[in-house]
Amino acid sequence: MNQRKILVTAALPYANGAVHLGHLVEYIQTDIWVRFQKLRGHNCKFMWADDTHGTAIMIRARKEGRSETEVIAEANAEHQRDFQGFQIAYDNYGSTHSEENQKLCGEVWQSIRDAGLVKEKDVDQLFDVEQGTFLADRFVTGTCPECHEPGQAGDNCSKCGATYSPAELIDPLSTLSGTKPEIRSAKHLFIELEQLHGFLQDWTQSGDHLQPEVANYLKGHFLGDPDSEEGAKPLRDWDISRPAPYFGFEIPDSPGNFWYVWFDAPIGYIASTQQWCEKNDQSLDDWWKNDVAEIHHFIGKDITYFHTLFWPGMLKAAGYSLPTKVHIHGFLTVNGRKMSKREGTAFKASTYLKHLDPSALRYYYASKLGARLDDLDLNFEEFTSKVNADLVGKVVNLASRSAKFVKNVGLSVTYPDDGGLFQQAAKAGDEIAAAYENCEYNKAMRLILELADRANPFVENAEPWNLKKDESKANELQDVCTVALNLFRQLVIYLSPVLPELAEKTGVLLNDPIESWDQSKSPLTGTDVSKFKHMMKRIEEKDVKAMEEESKAEADATVAAEQASAASDQYGDSGQPMIDEPLTEECTIDDFVKVDLRVARVVNAEHVEGARKLLKLTLSLGGEHRRQVFAGIKAAYEPEKLIGRQVVMVANLKPRQMKFGLSEGMVCASGPGGEEVFLLSPDEGAKPGQRVH
RNA sequence: GGGCCAGUAGCUCAGUUGGUUAGAGCAGGGGACUCAUAAUCCCUUUGUCGCGGGUUCGAGUCCUGCCUGGCCUACCA
């Protein structure tokens with residue numbers, strides 16, 4: 001087989017957040033593919049990095065009162081720790097905030113300039129004066145110019161679906177400072193993508209670079225179809241600069257302007273390769289300017305646009321190789337629902353690892369991942385039963401039911417007759433390999449499990465546990481176990497891209513490390529067999545529950561913190577009060593009616609001798625109705641200022657004897673207490689004695 | 001609003017260029033075994049293939065309308 005030279009990337013994790021199980025769909029998918037290629041003997045390298053630039057990082061650093069570089073260094077360490085936990089084996093992990101990347105961005109930029117693709121335009125954008133920054137759409141909220149629904153985001157209305165620019169919003173507010181932004185005009189640099197239309201048309205629509213539905217999507221949505229009646233659609237100019245302040249790289253020939261994060265992020269793929277090349281004494285051009293080297297990107301469907309139009313355009317203009325293939329996957333849903341941070345279903349990688357085995361998730365994802373863009377559902381019931389039934393029950397069971405019988409004698413010296421099982425399975429290897437190659441891991445897993453379903457009956461029929469009882473059948477017993485362990489090993493080789501840990505343990509068990517796909521083609525004979533140790537634990541429901549609960553608790557805490565700190569709507573109302581005092585259980589109208597609330601006028605108010613918190617109020621319900629009430633509002637109100645005003649009181653509250661006298665009711669107020677007490681008052685016109693309904 | 005994709009047994013999915021009575025795993029039911037992590041093995045129930053039209057000798061597979069769901073809709077990371 002010819003050795004292929006393959007460079008692989010996954011989308012760059014953004015340095016503003018923890019890795020969760022949704023991200024891991026892609027990272028595990030990529031890792032499996034890379035491990036598969038390496039197992040096949042290809043020269044395959046996984047180049048990866050953190051994506052570090054943009055407004056979000058800048059804002060976060062500001063909020064936390066530290067530098068962007070601190071924020072991204074911390075994220076980088078956390079990300080890499082999580083990836084190791086999930087056995088994701090990249091060859092280099094860089095950062096888009098690196099010298100290599102800055103230099104490469106400059107070179108690519110120069111090429112694009114030289115190709116005459118750059119033009120300047122003035123852009124009106126909202127500017128937050130207090131924060132001193134231009135506002136991206138998602139940092140603006142206001143009233144929809146179409147339907148006048150308040151509280152809408154900067155780019156479209158969730159109610160009427162209108163799209164608009166933030167500058168069109170009525171009464172816009174910055175979500176960063178809660179202040180009203182002003183419109184400022186600034187010079188932006190654009191890439192005229194339309195000049196590359198013909199090239200992109202060709203590249204996307206031919207040559208199998210994209211999944212068919214993706215090619216189709218691009219044609220329908222952006223490129224148009226030159227053969228149709230409407231003809232080709234022009235591609236819009238791509239705004240690739242941001243005025244200062246912006247966390248990123250300043251554009252050398254346009255001081256005060258920075259490259260938009262989506263310009264420098266994909267160049268990070270090249271920069272990471274460059275770092276690796278320097279460490280390993282290789283040439284970057286061998287990978288990125290070489291027709292022989294393949295380049296494969298794995299991404300989620302949300303960033304299709306960037307990777308299938310901008311990125312090939314940039315590469316083309318800068319004279320780099322184009323992607324061989326962009327592999328696009330769908331999103332993760334949890335128990336059939338969209339992942340939600342608020343509901344705690346965006347399980348963090350680190351939370352998962354505290355409770356569950358990474359191999360289980362790797363297998364589960366593999367068993368569900370196809371070559372299409374379908375969403376993948378993480379259903380915990382299925383997860384548990386699939387991993388337990390397939391891996392523990394069927395695959396690992398082969399070893400655990402046979403290894404101990406040959407612990408002392410090892411594998412037979414010649415491979416015994418197994419009725420053709422091994423050869424059959426060796427043959428199936430090609431189909432399994434093709435499935436891996438095409439990213440149809442679900443198919444590969446199905447084929448592998450079919451083999452396991454044939455191996456277990458073999459053991460069943462051979463009855464090694466009965467052979468063991470008869471010493472004269474020792475050879476037969478060894479042969480049966482040799483077959484069982486070889487069939488097991490063959491399965492593990494096929495599974496090793498998905499389950500590297502199992503492969504390693506199998507290598508130890510049979511004293512022959514698993515290093516190559518071709519090992520599946522010939523049986524292993526004559527080696528010692530080590531003492532069998534559990535290779536994989538069953539998933540316990542309680543561990544899944546524990547993870548879910550921990551994640552829920554994390555989510556609640558995060559939401560609380562967010563609501564407490566950030567202005568959540570245009571009035572800047574915090575969510576904290578609802579958190580401090582959550583809603584009580586639902587009540588009926590009958591329950592409510594039991595409480596007789598009345599408008600009352602404060603006719604007298606005075607300090608109480610010796611009381612630290614109380615004021616003594618005399619309330620009038622009109623006519624002769626007077627009530628004496630002791631209220632804990634001394635810290636918040638001066639008695640003389642209360643006299644004359646109207647309040648709301650609970651008029652049928654059972655009188656209560658207090659230290660300083662009888663209290664015949666309660667005045668209504670909000671707030672946590674102390675100085676923060678806010679009495680309720682009716683609007684003007686209310687009359688003392690009126691009931692509140 | 002516009003677009004892309006999908007809709008097959010309770011669940012997760014296979015169904016090659018349209019071709020015989022639509023399949024697998026899991027779950028459910030029955031039995032066997034006891035080497036194995038209550039693991040394994042054998043047998044077994046279940047479907048108006050989203051709905052309605054159309055093309056065809058023949059459609060889950062092609063065309064069309066509708067319904068439902070997911071996603072995208074460019075200065076959003």
Side-chain angles (χ1 to χ4, degrees), chain A residues 11-12 14-17 51 53-57 123 125 134 136-139 146 153-156 160-163 165-166 188 190 193 211-222 235-242 260-262 265 300-306 309-310 330-331 333 336 338 364 367-368 370 372-377 379 381-386 388-394 396-405 440 442-443 445-446 449-450 453 455-469 477 480-481 484 532 534-540:
Chain A
L12 305 185
Y14 196 53
N16 183 29
D51 177 16
H53 290 153
T55 317
I57 300 278
V123 173
Q125 211 180 347
F134 284 96
D137 288 358
R138 65 204 183 89
F139 294 122
E146 295 294 323
D155 51 356
N156 69 76
C160 71
T163 58
S165 85
H188 282 231
F190 291 76
L193 215 54
Q211 286 129 303
E213 64 265 48
V214 176
N216 197 8
Y217 156 69
L218 294 173
K219 182 169 78 177
H221 210 81
F222 302 109
L235 290 162
R236 290 211 209 161
D237 297 334
W238 181 32
D239 182 353
I240 52 81
S241 76
R242 294 292 179 276
Y260 175 47
V261 55
W262 267 110
K301 60 185 175 183
D302 51 335
I303 54 177
T304 298
Y305 180 66
F306 296 97
L309 293 176
F310 290 157
F331 294 151
T333 57
K338 225 168 154 173
Y364 183 75
S367 76
K368 308 214 37 149
R372 318 283 306 264
L373 279 73
D374 304 320
D375 288 346
L376 184 161
D377 186 45
N379 176 294
E381 221 169 292
E382 190 197 8
F383 169 73
T384 306
S385 76
K386 204 171 190 84
N388 288 348
D390 291 1
L391 292 184
V392 182
K394 287 178 178 167
V396 174
N397 188 43
L398 280 168
S400 72
R401 69 196 306 199
S402 57
K404 69 174 189 180
F405 294 134
E440 296 172 299
N442 51 0
K443 185 176 177 188
M445 297 305 108
R446 209 166 50 240
L449 260 291
E450 270 175 32
D453 279 335
N456 272 307
F458 170 84
V459 179
E460 203 77 13
N461 296 330
E463 302 183 330
W465 54 93
N466 285 334
L467 297 174
K468 180 190 64 174
K469 293 172 189 163
L477 176 64
V480 166
C481 294
F532 181 78
H534 268 21
M535 298 177 123
M536 190 173 280
K537 276 216 310 261
R538 294 174 61 77
I539 295 177
E540 308 260 359

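The figures that follow rest on heavy atoms only: side chains count, while hydrogens, waters and symmetry mates do not. We name chains A, B, ... by the order of the sequence lines, and we start the count at 1 in each one. Because the structure is a prediction, the values reported are computed rather than measured.
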With rounding to whole Å, what would you report as the distance between [N] and [M] at their [atom1] atoms?
{"N": "B:rU48", "M": "B:rA9", "atom1": "C1'", "value": "13 Å"}
{"N": "B:rC62", "M": "B:rU20", "atom1": "P", "value": "16 Å"}
{"N": "B:rC51", "M": "B:rA6", "atom1": "C1'", "value": "16 Å"}
{"N": "B:rA14", "M": "B:rU8", "atom1": "P", "value": "10 Å"}
{"N": "B:rC26", "M": "B:rG65", "atom1": "C1'", "value": "37 Å"}
{"N": "B:rU12", "M": "B:rG19", "atom1": "P", "value": "26 Å"}
{"N": "B:rG25", "M": "B:rC66", "atom1": "P", "value": "39 Å"}
{"N": "B:rU46", "M": "B:rG10", "atom1": "C1'", "value": "9 Å"}

Please tell me whether A:T333 and A:D375 have a donor and an acceptor in their side chains that are separated by less than 3.5 angstrom. no
Short side-chain donor-acceptor distance under 3.5 Å, A:N466 and A:E463: yes
Let me know the distance between [atom1] of [X] and [atom2] of [N], rounded to the nearest Å.
{"X": "A:I303", "N": "B:rC71", "atom1": "CD1", "atom2": "P", "answer": "16 Å"}
{"X": "A:R446", "N": "B:rG15", "atom1": "CZ", "atom2": "C1'", "answer": "10 Å"}
{"X": "A:N388", "N": "B:rG25", "atom1": "CG", "atom2": "P", "answer": "18 Å"}
{"X": "A:E440", "N": "B:rU16", "atom1": "CD", "atom2": "C1'", "answer": "12 Å"}
{"X": "A:N379", "N": "B:rG10", "atom1": "CG", "atom2": "P", "answer": "16 Å"}
{"X": "A:Y364", "N": "B:rU12", "atom1": "OH", "atom2": "P", "answer": "9 Å"}
{"X": "A:D374", "N": "B:rC72", "atom1": "CG", "atom2": "P", "answer": "15 Å"}
{"X": "A:L449", "N": "B:rU40", "atom1": "CG", "atom2": "P", "answer": "11 Å"}

Name all residues meeting the ring pair (Phe, Tyr, Trp, His ring centres under 6.0 Å) criterion together with A:F383; count only those two or more places apart in sequence or in a different chain, and write none if there are none.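 Counting only residues at least two positions away or on another chain, A:F383 forms a ring pair (Phe, Tyr, Trp, His ring centres under 6.0 Å) with A:Y364.
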Beyond-backbone contact of [X] with [Y], side-chain heavy atoms, under 4.5 angstrom:
{"X": "A:R401", "Y": "A:N456", "answer": "yes"}
{"X": "A:F134", "Y": "A:T55", "answer": "no"}
{"X": "A:I240", "Y": "A:F310", "answer": "no"}
{"X": "A:D390", "Y": "A:S367", "answer": "no"}

Which residue lies more 5' along RNA chain B, comparing A:F310 with A:E450 via nearest heavy atoms: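 Between the two, 5'-proximity favours A:E450.
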With nearest nucleotide decided by heavy atoms, which residue, A:K368 or A:I57, maps closer to the 5′ end of RNA chain B?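 Whichever sits nearer the 5' end wins; that is A:K368.
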Is it true that the NZ or CZ of A:K468 lies under 6.0 Å from the centre of A:F405's six-membered ring and within 45 degrees of the ring axis? no
Wobble G-U and Watson-Crick pairs count when both distances are under 3.5 Å; given that, what is the 5' to 3' dot-bracket string of RNA chain B, with | for pairing to other strands? (((((((..((((.....[...)))).(((((.......))))).....(((((..]....))))))))))))....
Indicate whether OP1 or OP2 belonging to B:rA6 is found under 4.0 Å from a side-chain N or O atom of A:R372.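 For B:rA6, OP1/OP2 do have a side-chain N/O of A:R372 under 4.0 Å.
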N or O in side chain of A:Y14 less than 4.0 angstrom from B:rC76 OP1/OP2: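 Indeed not, no polar side-chain atom of A:Y14 lies that close.
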Would you call the rings of A:Y260 and A:W238 parallel, tilted or perpendicular if under 30° counts as parallel and over 60° as perpendicular?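 The rings of A:Y260 and A:W238 stand perpendicular, inter-plane angle above 60°.
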For the side chain of A:Y217, starting at C-beta, report the closest nucleotide among B:rA77, B:rC72, B:rA14. B:rC72
Sugar-phosphate, base or nothing in reach of [X], heavy atoms under 4.0 Å:
{"X": "A:G54", "answer": "nothing"}
{"X": "A:F306", "answer": "base"}
{"X": "A:D302", "answer": "base"}
{"X": "A:W262", "answer": "base"}

Protein heavy-atom contacts under 4.0 Å, written 5' to 3' over nucleotides 26-37 of chain B as B (base), S (sugar-phosphate only) or - (none), form the string S------SSBBB
Measuring from A:K368:NZ to A:K386:NZ, what's the distance to the nearest 0.5 Å? 6.5 Å
Between A:D239 and A:S241 (side chain of the first, backbone of the second, donor and acceptor by atom type, cut-off under 3.5 Å), is there such a pair?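 Checking the backbone N and O of A:S241 against the side chain of A:D239, a donor-acceptor pair under 3.5 Å is found.
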